[in-house]
There are 2 protein chains.
Amino acid sequence: MNDSVRRRGRPARLSQDAILLVAQEIVESGGIDALTMRAVAERLSSSPMAIYRHVRDKDELLLLLLDRVAATLERPELPADPRQRLIVLWRFLHDELAAHPWVVGVLAGGDLAGRSILWLVEEILQAFLACGLTAEQAGAAYRTVWQYTVGVLTIRIAMARTTSDLDRPTFQTAMIAAADPGQTPAIAAFAGEWPHAFDNYDFGLNALLDGLIRRP
Amino acid sequence: MNDSVRRRGRPARLSQDAILLVAQEIVESGGIDALTMRAVAERLSSSPMAIYRHVRDKDELLLLLLDRVAATLERPELPADPRQRLIVLWRFLHDELAAHPWVVGVLAGGDLAGRSILWLVEEILQAFLACGLTAEQAGAAYRTVWQYTVGVLTIRIAMARTTSDLDRPTFQTAMIAAADPGQTPAIAAFAGEWPHAFDNYDFGLNALLDGLIRRP
DNA sequence: ACCTGAACACCGTTCAAGT
DNA sequence: ACCTGAACACCGTTCAAGT
């Protein structure tokens, strides 16, 4: 603001904010593989090493990026019924992660956290409590649905990658389609519908909630 | 066996089998990151490019490796009760994958497949059918538990990686420990026991089965 | 204080040449 | 037919030097 606090030395041309901005652009348009330190530097017309003055390493860049995305999330409208609230909250989380697939890999390394997302965790725990679970049960329930959610997204993302990269007909799908009805009748039975109906987050979510919240 | 079928040209010094053998050694001892084409070549005292005569690319090497592990699995003893059978089967799959963490990443790209593991899929589907599900329901149930299993393992593997690499106290765990009881009381409530009780495959598995198999 | 240039120690993979 | 050597097009990151 005023130049009494101006620092000594060469003035900064780059800033952490500018770095994160282009990093986000790169990752949203080109995916996580496109995000390299060199690519970030190039978009800023600087040398790769200039980045390291503003960010410790690539891992830190990813965590900062994560919090940036989390901060832009608008909180969804929540219904009064706690079971319905859980559906809305988890579906919200699922959809946001599906929209930013690169986040999943970064996030898997720890539990869902970052201070700009704690409200979501709190809401989920509160909803579980409102369903009649104890604090301990609510924690276990949260972790379980989180694990399921990561699984759904990890598989979907990995499949999108392998099927788009090359055009092999998924190899696995082909194998199941060729299943021998004599050896593996149950597999052969629905080999036809196997490839479809993969986007079934709701199905598993409901089953999981049924099991976690033992309704009377 | 006899030299009437001997081929023309320079005799092969390498073989796909030898390549897969050292590749497996490398991956089991050093993890998936240690498995590079160059490392395989070095152990065989050959040039990196010699590998490509026996394997199309690294992806194919991984898939071949996968089938090799699958082929060595011994089938577990199965109880008569279908619900118990499901527990044993999924626990078996979970434990085998946990013992070979590198497999999880390769496997996430498609559904569980590879002809040497189809028996497991078949057994699981049969057990779901024996629990009273329709063929369609059994397929959906299989996918759901598979997604959950991938999630559990993905998170555990990623956490093991980040916590061993550096020694940051998980960053996320630290944040949860510092949760403000005023803002996020539910989180603060069990912040203490958060780090423990993470190896809870059975808990989620049972909840999921409860939800999937609507018992009378 | 901030940025650059050259370099290190890696990758997977292609291509032309040797045996 | 099989293998080698050199090279290409990449990575993240360190280190010493410039402004």
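Because only heavy atoms are used, hydrogens play no part in the values below, and waters and symmetry mates are left out as well, while side chains stay in. Chain naming here is simple, since letters A, B, ... match the order of the sequence lines and numbering starts at 1 in each. In this text, all values refer to a predicted model and were calculated from it rather than measured experimentally.
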Asker: How about CD on A:Q183, more than 12 heavy atoms from neighbouring residues, nucleotides or ligands closer than 6.0 Å, or not?
Answerer: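 Result for CD/A:Q183: open.
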
Asker: Does B:H54 place a side-chain N or O at less than 4.0 Å from the phosphate oxygens OP1/OP2 of D:dC3?
Answerer: yes

Asker: Looking at every strand, decide which applies to A:A50 at a 4.0 Å heavy-atom threshold: base, sugar-phosphate, or nothing.
Answerer: base

Asker: Output the rounded distance in Å from OH (A:Y52) to C1' (C:dA6).
Answerer: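 Atom-to-atom, A:Y52 to C:dA6, this comes out as 16 Å.
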
Asker: Do the ring centers of A:Y142 and A:W90 come within less than 6.0 Å of each other?
Answerer: yes

Asker: Distance between the C1' atoms of D:dC3 and C:dA16, in whole angstroms?
Answerer: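 These two C1' atoms come out 13 Å apart once rounded.
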
Asker: Which one is paired to C:dT4, where only Watson-Crick or G-U wobble pairs with both distances under 3.5 angstrom count?
Answerer: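 Its partner is D:dA16 (Watson-Crick or G-U wobble, both distances under 3.5 Å).
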
Asker: In Å, rounded to the nearest 0.5 Å, how long is the span from CG of A:L62 to CD1 of A:I32?
Answerer: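 One gets 5.0 Å once the value is rounded to the nearest 0.5 Å.
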
Asker: How many Å lie between CG on B:L61 and P on C:dC11, as a whole number?
Answerer: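 It works out to 14 Å between those atoms.
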
Asker: Counting any heavy atom closer than 4.0 Å, what does B:M49 reach on the DNA or RNA strands: base, sugar-phosphate only, or nothing?
Answerer: base

Asker: Could you give the CD-to-C1' distance, from B:Q16 to D:dC3, as a whole number of Å?
Answerer: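 Atom-to-atom, B:Q16 to D:dC3, this comes out as 17 Å.
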
Asker: Mind calculating the distance between CE (A:M37) and P (C:dT4) to the nearest angstrom?
Answerer: 14 Å

Asker: Distance check needed: C:dT14 C1' versus B:I51 CD1, whole Å only.
Answerer: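 For the pair B:I51 CD1 and C:dT14 C1', the rounded distance is 16 Å.
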
Asker: Counting side-chain heavy atoms from C-beta on, which of D:dT4, D:dC2, C:dG12 comes nearest to B:S47?
Answerer: D:dT4

Asker: Between B:Y201 and B:T149, does a side chain to side chain donor-acceptor pair (under 3.5 Å) hold up when you go through it step by step?
Answerer: CA-CA 8 Å; B:Y201 182 68; B:T149 306; 2.9 Å; yes

Asker: Hey, which of these two, B:R13 or A:A39, hits DNA chain D nearer its 5' end, going by closest nucleotide?
Answerer: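 Per heavy-atom nearest nucleotide, the more 5' residue is B:R13.
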
Asker: Find the distance B:D57:CG to C:dT13:P and express it as a whole number of Å.
Answerer: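 In whole Å, C:dT13 P lies 5 Å from B:D57 CG.
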
Asker: Both distances under 3.5 Å, Watson-Crick or G-U wobble: report the partner of D:dC11, or none.
Answerer: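 The answer is none; no pair meets the criterion.
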
Asker: How many Å lie between CG on A:L35 and P on D:dC10, as a whole number?
Answerer: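 Whole-Å distance recorded here is 16 Å.
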
Asker: Do A:E42 and A:R38 have side chains that approach each other closer than 4.5 Å (heavy atoms only, starting at C-beta)?
Answerer: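 Not touching, per the 4.5 Å side-chain cut-off.
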
Asker: Just checking A:R38: base, sugar-phosphate only, or nothing, at a heavy-atom cut-off of under 4.0 Å?
Answerer: base

Asker: Between atom CG in A:L44 and atom P in C:dC2, what is the gap in whole Å?
Answerer: 16 Å

Asker: Go through C:dT13, C:dA1, C:dT19 for me and flag the one nearest to the B:R10 side chain.
Answerer: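 Comparing C:dT13, C:dA1, C:dT19 against the side chain of B:R10, the answer is C:dT19.
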
Asker: If you look at every strand shown and take non-hydrogen atoms under 4.0 Å, does A:T36 touch a base, only sugar-phosphate, or nothing?
Answerer: sugar-phosphate

